[in-house]
Amino acid sequence: MYDLLVIGGGINGAGIARDAAGRGLKVLLCEKDDLASHTSSASTKLIHGGLRYLENYDFGLVRKALIEREVLLQMAPHIIWPMRFVLPQDRNIRSPWLVRLGLFLYDNLGGRKILPGTKVLHRSKSRHLSPLSTKYKKAFEYSDCWVEDSRLVVLNAVDAAERGADIKTRTKCIGLRAESGAWQANLENDDGTRTEVTAKAVVNAAGPWVDNVTGLASQRSNSDHVRLVKGSHIIVNSHFEGDQAYIFQNEDERIIFAIPYENGNFTLIGTTDEAFEGDPQSADISQGEIDYLCDSVNKYFQKNIAAGDVVATYSGVRPLYDDKSDNVSAVTRDYVLTHIEADEATLISVYGGKITTYRKLAEDVMDELTDIFPTSNKKWTKTAPLPGGDIPNADFEAFNKPVSEKYSWMDQDTLHRLIRAYGTRVDQIIGTATSVDNLGTHYGGGLYQAEIDYLQQNEFARTAMDVLYRRSKLYLHISADQQAALAAAMENGN
């Protein structure tokens, strides 16, 4: 008998499982694929308030996200770090005074304490305008944060497990029925075996499949339903120098980001916003989206890009709450919680939400469950670091220096990636090694057997895709032959 069954291993499900386990509940999380397989690994990878949501008067969401921005930065300074964003002035789209007003609100709505505020840049005085078309003479520069999104999901699941939760990947919920004040859940593993578990309450955080799970629990018509919106990104070779990112205004009132990616080796460009119908599992970028993203950034950068410059793409489907808005881009990104009560058993379904607000969402879900679990009302996640994030004063650079000196024998690019990914737990990977020969087989790109062993034993990784696409982004750095060699080795149990 479990206290809580969480269905869905994206950021919301993992965050809820962590919060609940830390309150002493017996928790089971099941995910039909790998952790962060879908929406949560297909974001723009920002911890941000959502500057453009101010135009929709969504001040509550922006304030909530801005407050969380600095909370998360303190919780996980290894996988989250500050980034400056350059917004060129374009009077033809929005007047500078309106943008400045929005940035003033953005600086002040969330009680900013750590991140620097907005400033104005002039072409003659700032190198950040150099990559842009010469018609852009001024720009605003403001702060937000970058996040390794799929690692954020994994680390929440790791922490949940270390606090007693059962994490079952490749395990699909195929049936739910209420019985005597609890839920009977039928689970199917990827090998076809089935088990039945009992839980006092269920949280449905299945993302794009949230309505499917709701349908398992209730046969009656439900007016609350998901609105699927696809967002796609393209990746090109590094398009500009520096660690600043760019945010561009489009004539369709959308915005596009261009962000240094993977230690500046690439540039990430996104995102689109399209209504989506069909199976979210098959969501993929269209040629129209590629052209749209290329055209959008070409209006701003001096150096143009074309479809042939794209080295990789990814797409995700956002499971937004259907607020009946006619404009896809105006549909609220805030989360909505709905309830099903059956035979005195409670199921909560999660619609929408942003990566930035996942921790607050988890707290709100637990607030909804206090009648069932009255002893679990103590909030704790706001000041608790994620695994590897217990860095003194959340000062990554101060932490990085002695660790880099300790392992000076290692390639510094590889070591920096490991420190960024694992923080204070990097020692658990390197162990007593004194040379790369002690780290086992090298699969390319600085990926050694020692790291794979750690990921399999501690982070629920089972396949090469788990390692290369979600625990890291090494698929961008190693060849197809090297990826195949890793896949073969992991399939053979190495």
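Values below: every heavy atom of this structure, side chains too, minus hydrogens, waters and symmetry copies.
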**Q** For residues E289 and T272, is any side-chain donor paired with an opposing acceptor at under 3.5 Å?
**A**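 Yes, a side-chain donor-acceptor pair sits under 3.5 Å.
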**Q** Kindly give the heavy-atom pair with the smallest separation between L66 and G49, and that separation in Å.
**A**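 For L66 versus G49, the nearest heavy atoms are CD2-CA, 3.7 Å.
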**Q** Assess whether side chain to side chain donor-acceptor pair (under 3.5 Å) is satisfied between Y448 and N438, documenting all intermediate values.
**A** CA-CA 10 Å; Y448 292 87; N438 304 134; over 6 Å; no
**Q** For the atom pair NE2 (H78) and CG (N400), what is the distance rounded to the nearest 0.5 Å?
**A**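 Answer for the NE2-CG pair, H78 versus N400, is 13.0 Å.
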**Q** May I ask you to check whether D291 and Q287 show a side-chain donor-acceptor distance below 3.5 Å?
**A**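 Side chains of D291 and Q287: pair found under 3.5 Å.
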**Q** From Y292 OH over to I285 CD1, what is the distance, rounded to the nearest 0.5 angstrom?
**A**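 Here the rounded value is 12.0 Å.
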**Q** Assess, by modelled atom type and distance only, whether the side chains of S315 and S232 contain a donor and an acceptor separated by less than 3.5 Å.
**A**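 There is such a pair (donor and acceptor under 3.5 Å, judged by atom type) between the side chains of S315 and S232.
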**Q** Taking the six-membered ring of F460 as reference, does the NZ or CZ atom of R471 fall below 6.0 Å from its centre and within a 45° cone about the axis?
**A**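 That pair does not qualify as a cation-pi contact.
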**Q** Is it the case that K230 and S286 place a side-chain donor and acceptor less than 3.5 Å from each other?
**A**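 S286 and K230 do not have a side-chain donor-acceptor pair below 3.5 Å.
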**Q** So which atom in Y300 and which in P88 form the shortest heavy-atom distance, rounded to 0.1 Å?
**A**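 Nearest pair, atom of Y300 first, then P88: CD2-CG, 3.9 Å.
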**Q** Hey, do the aromatic rings of F240 and Y246 have their centres closer than 6.0 Å?
**A**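 Here the rings of Y246 and F240 have centres that are less than 6.0 Å from each other.
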**Q** Evaluate the criterion side chain to side chain donor-acceptor pair (under 3.5 Å) for residue pair D34 and Y469; output intermediate values, then yes/no.
**A** CA-CA 11 Å; D34 181 32; Y469 283 76; over 6 Å; no
**Q** Using a 6.0 Å cut-off, check whether atom CG of N393 has over 12 heavy atoms from anything other than its own residue.
**A**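 Open.
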**Q** Out of curiosity, R470 CZ to S37 OG, how far, rounded to the nearest 0.5 Å?
**A**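 Between atom CZ of R470 and atom OG of S37 there are 4.0 Å.
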**Q** Heavy atoms, side chains only, cut-off 4.5 Å: are V310 and I235 in contact?
**A**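 When only atoms from C-beta onward are counted, I235 and V310 do not touch, as no gap falls below 4.5 Å.
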**Q** Between T267 and I259 (side chain of the first, backbone of the second, donor and acceptor by atom type, cut-off under 3.5 Å), is there such a pair?
**A**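 Checking the backbone N and O of I259 against the side chain of T267, no donor-acceptor pair under 3.5 Å is found.
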**Q** Are a donor atom and an acceptor atom from the side chains of T313 and H233 found within less than 3.5 Å of each other?
**A**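 Distance-only check fails for T313 and H233.
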**Q** My understanding is that only one of T357, L320, T356 makes a side chain to side chain contact (heavy atoms under 4.5 Å, CB included) with R333; could you say which?
**A**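 Checked T357, L320, T356 against R333; only one passes side chain to side chain contact (heavy atoms under 4.5 Å, CB included): L320.
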**Q** Quick check: do L152 and L386 have side-chain heavy atoms less than 4.5 Å from each other?
**A**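 The answer is yes; the side chains approach within 4.5 Å.
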**Q** When you measure from the side chain of T39 to the backbone of R318, do you find a donor-acceptor pair of N or O atoms at a distance under 3.5 Å?
**A**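 Flag not set: sc T39 to bb R318 has no pair under 3.5 Å.
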**Q** Please check: side-chain N/O of S133 versus main-chain N/O of Q302, any donor-acceptor pairing under 3.5 Å?
**A**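 A pair under 3.5 Å: no.
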**Q** Tell me whether the count of non-hydrogen atoms from other residues, nucleotides or ligands lying under 6.0 Å of CD in E251 goes above 12.
**A**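 No, because the 6.0 Å sphere around CD of E251 holds 12 heavy atoms or fewer from other groups.
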**Q** Hey, is E70 close enough to R112 for a salt bridge, meaning N to O under 4.0 Å?
**A**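 No, no charged N to carboxylate O under 4.0 Å.
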**Q** Fit a plane to each ring of Y407 and W409, take the angle between them on a 0 to 90° scale, and name the class: parallel (under 30°), tilted (30 to 60°) or perpendicular (over 60°).
**A**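 Y407 vs W409 ring planes: perpendicular.
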**Q** Between K64 and D334, is the closest basic N to carboxylate O distance under 4.0 Å?
**A**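 Judged by the 4.0 Å cut-off on N to carboxylate O distance, D334 and K64 do form a salt bridge.
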**Q** Would you check if the distance from the ring center of F301 to the ring center of F248 is below 6.0 Å?
**A**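 Yes.
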**Q** Short question: side chain of E31, backbone of G9 - any donor-acceptor pair under 3.5 Å?
**A**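 Yes; judged by distance alone, with no hydrogens or angles, the pair exists.
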**Q** Starting at CZ of R84, measure out to SG of C145 and round the result to the nearest 0.5 Å.
**A**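 Nearest 0.5 Å value for the CZ-SG distance: 11.0 Å.
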**Q** State whether a side-chain donor-acceptor pair under 3.5 Å links Q249 with R94.
**A**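 Side-chain D/A pair, Q249 to R94: present.
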**Q** Please examine the side chains of W146 and I47, heavy atoms only from C-beta on, and report whether any two atoms are closer than 4.5 Å.
**A**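 No, too far: nothing below the 4.5 Å cut-off.
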**Q** Hey, could you give me the CD1/OG distance between I256 and S296, rounded to the nearest 0.5 Å?
**A**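 Spacing of CD1 (I256) from OG (S296) equals 4.5 Å.
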**Q** First locate atom OH of Y142, then atom OG1 of T118, and finally report the distance between them rounded to the nearest 0.5 Å.
**A**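 Going from the OH atom of Y142 to the OG1 atom of T118 covers 8.5 Å.
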**Q** For residues D149 and S43, is any side-chain donor paired with an opposing acceptor at under 3.5 Å?
**A**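 A pair is found: one side chain offers a donor N or O, the other an acceptor, under 3.5 Å apart.
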**Q** Do Y358 and E68 meet the criterion of a side-chain donor-acceptor pair at a distance under 3.5 Å?
**A**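 Per modelled atom types, Y358 and E68 side chains form no pair under 3.5 Å.
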**Q** Measure from the ring center of H128 to the ring center of F85 and say whether it is less than 6.0 Å.
**A**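 Ring centres of F85 and H128 not closer than 6.0 Å.
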**Q** Restricting to non-hydrogen atoms, name the atom on K138 and the atom on H122 that form the minimum distance, rounded to 0.1 Å.
**A**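 Of all heavy-atom pairs spanning K138 and H122, the closest is CE-CE1, 3.5 Å.
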**Q** Could you check whether any side-chain N or O of N250 sits under 3.5 Å from a backbone N or O of D252, counting only pairs where one atom can act as donor and the other as acceptor?
**A**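 It does not hold such a pair.
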**Q** Look at the side chain of R425 and the backbone N and O of Q428, then say whether any donor-acceptor pair between them is shorter than 3.5 Å.
**A**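 No, because the side chain of R425 does not come within donor-acceptor range (under 3.5 Å) of the backbone of Q428.
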**Q** Start with the C-alpha distance between K137 and S124, add both sets of side-chain angles, then the distance that settles side chain to side chain donor-acceptor pair (under 3.5 Å), and finish with yes or no.
**A** CA-CA 8 Å; K137 308 299 183 184; S124 60; over 6 Å; no
**Q** Near E277 CD, under 6.0 Å, is it more than 12 heavy atoms from other residues, nucleotides or ligands?
**A**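 Counting neighbours around CD of E277, 12 or fewer heavy atoms of other residues, nucleotides or ligands fall under 6.0 Å, so no.
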**Q** Using the benzene-type ring in the case of Trp, are the ring centres of Y351 and Y335 under 6.0 Å apart?
**A**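 Ring centres of Y335 and Y351 not closer than 6.0 Å.
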**Q** With the threshold set at 4.0 Å, does a side-chain nitrogen-carboxylate oxygen contact exist between K360 and D364?
**A**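 Here K360 pairs with D364 in a salt bridge, since their nearest N and O are under 4.0 Å apart.
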**Q** Looking only at atom types and distance, does a side-chain atom of D107 sit under 3.5 Å from a main-chain N or O of F104, one as donor and one as acceptor?
**A**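 Here the side-chain-to-backbone pair does not exist.
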**Q** What are the two closest non-hydrogen atoms of S472 and R417, and how far apart are they?
**A**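 In this case the closest contact between S472 and R417 is CB-NH1, 4.3 Å.
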**Q** Is the centre of the Y454 ring less than 6.0 Å from the centre of the Y422 ring?
**A**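 Yes, they do, as the ring centres are separated by less than 6.0 Å.
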**Q** Could you please spell out the steps behind the ring-ring contact (aromatic ring centres under 6.0 Å, His included) verdict for H38 and Y314?
**A** CA-CA 10 Å; H38 303 289; Y314 63 85; over 10 Å; no
**Q** Kindly say whether D19 contributes a backbone atom to a donor-acceptor pair with the side chain of T381 at under 3.5 angstrom?
**A**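 The answer is no, because no donor-acceptor pair under 3.5 Å joins these two groups.
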